[in-house]
Amino acid sequence: MGSRCSVCGSSEIIYHRKYSGEIFCRRCFLENIADRVRATISRYELLKPFDKIAVAVSGGKDSLSLLKILDKIERDFPRASLAAITIDEGIPEYRDEAVENAVKYAESLGVPHYVFSFKDFFGFTLTEVVENGVSEEVGLQPCTICGVLRRRALTLAAKKIGATVIATAHTLDDVVQTYFLNILRGDTRFTPIGIRREVEGVIPRVAPFRLIPGYEIVLYAWLSNIPFQTYVCPYVERSMRNMVRTFLTEYEEKFPGSLFAALSSFEKTFIRNIQEERRCRKCNEPTGREVCRACEIEEKVLERLER
Ligand code: SF4
Ligand code: ZN
């Protein structure tokens with residue numbers, strides 16, 4: 001690139017961060033990402049010194065990168081502890097490969113790792129739901145069922161291992177996509193995403209990558225020799241999220257820094273730190289409805305599978 005690393009002056013450049021003008025060599029880039037995660041944690045007070053942190057590890061590059069970085073950070077807090085949780089939805093090949101990557105990677109870091117499955121918690125796999133036509137019958141895309149139930153399974157798993165907080169690998173892109181999707185669905189209950197909120201009886205969720213663009217995590221994973229998946233989920237389809245993701249990715253490429261601008265607008269303009277007033281009548285988790293989405297989907301699916 002004919003320039004030098006903005007931090008150490010090395011001429012072995014690997015990345016030019018267009019939205020800030022910084023230039024990095026490999027070592028300084030990796031350190032910069034870890035430092036930005038530390039700064040995000042402290043800025044939003046995402047973690048506490050006594051936390052038992054459950055890292056949601058799907059086995060994809062983002063979550064393995066998060067595990068690597070949090071493992072390093074957690075060592076500075078001797079009273080905190082860290083474990084990895086993987087939810088196996090039961091998607092042959094795709095999830096099998098991811099679980100294997102997660103098991104091996106957690107082992108290499110020496111982090112305790114727990115695998116729970118949809119079958120354990122709900123009595124069915126995602127594949128059974130799709131192949132028996134239940135997804136069509138209930139009028140929900142596989143990704144919707146998968147996403148809602150994975151979130152539920154993570155909460156159940158975190159409770160089982162006594163975690164005090166769940167850390168997910170959602171990046172800046174994921175957070176901004178979700179805010180856009182909320183708008184497109186007419187959902188006006190804006191609550192901050194990936195920021196710690198203490199609600200009685202609920203394990204908070206935090207996203208330490210919420211200020212890091214997804215493409216920087218891809219680069220981080222690649223430079224750290226983190227395994228990438230070779231299988232693609234067979235159920236991935238043209239969901240609303242994919243459409244929003246494509247639009248935002250193209251926009252960010254043309255106008256670097258747009259994702260940060262969008263995040264800042266959402267959080268300055270719309271967010272009200274509302275406490276959820278309602279609890280699900282069945283599971284007592286916070287929800288805007290009488291029965292939460294996870295309970296509703298679980299019930300509908302079981303009803304049809306048992307017929
Ligand atoms: Fe689940 Fe959809 Fe992701 Fe596949 S692509 S793992 S169905 S959310
Ligand atoms: Zn519920």
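Each ligand, and each atom within it, is numbered from 1 in the order the structure gives. Because the structure is predicted, anything quoted here is derived from the model rather than measured.
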Quiz item: Going hydrophobic residue to hydrophobic residue with side-chain gaps under 4.5 angstrom, can you get from Tyr44 over to Phe77?
Solution: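 In one cluster with Tyr44: Phe77, yes.
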
Exercise. State whether the number of non-hydrogen atoms from other residues, nucleotides or ligands found under 6.0 Å of Lys119 atom NZ is greater than 12.
Key: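 Buried by this count: over 12 neighbours within 6.0 Å.
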
Exercise. List nothing but the number: protein N/O/S atoms under 2.8 Å from atom 1 (Fe) of ligand 1.
Key: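 Number of qualifying protein atoms: 1.
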
Quiz item: Taking NZ, NE, NH1 and NH2 as the nitrogens, is one of them in Arg38 or Asp35 under 4.0 Å from a carboxylate oxygen of the other?
Solution: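 Yes, this pair counts.
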
Self-check item: Tyr19: ring pair (Phe, Tyr, Trp, His ring centres under 6.0 Å) partners, not counting sequence neighbours
Solution: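 Checked Tyr19 against ring pair (Phe, Tyr, Trp, His ring centres under 6.0 Å); matches are Phe260.
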
Self-check item: Min side-chain heavy-atom separation Val301-Glu128 under 4.5 Å
Solution: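 The answer is no; the side chains never approach within 4.5 Å.
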
Quiz prompt | Side-chain heavy-atom pair Ser81, Lys52 within 4.5 angstrom cut-off | solution =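 SC-SC contact between Ser81 and Lys52 confirmed.
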
Practice problem: Just jot down the ligand 1 atoms closer than 4.0 angstrom to any heavy atom of Tyr94, in number order. | Solution: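 Listed by number with element: 6 (S).
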
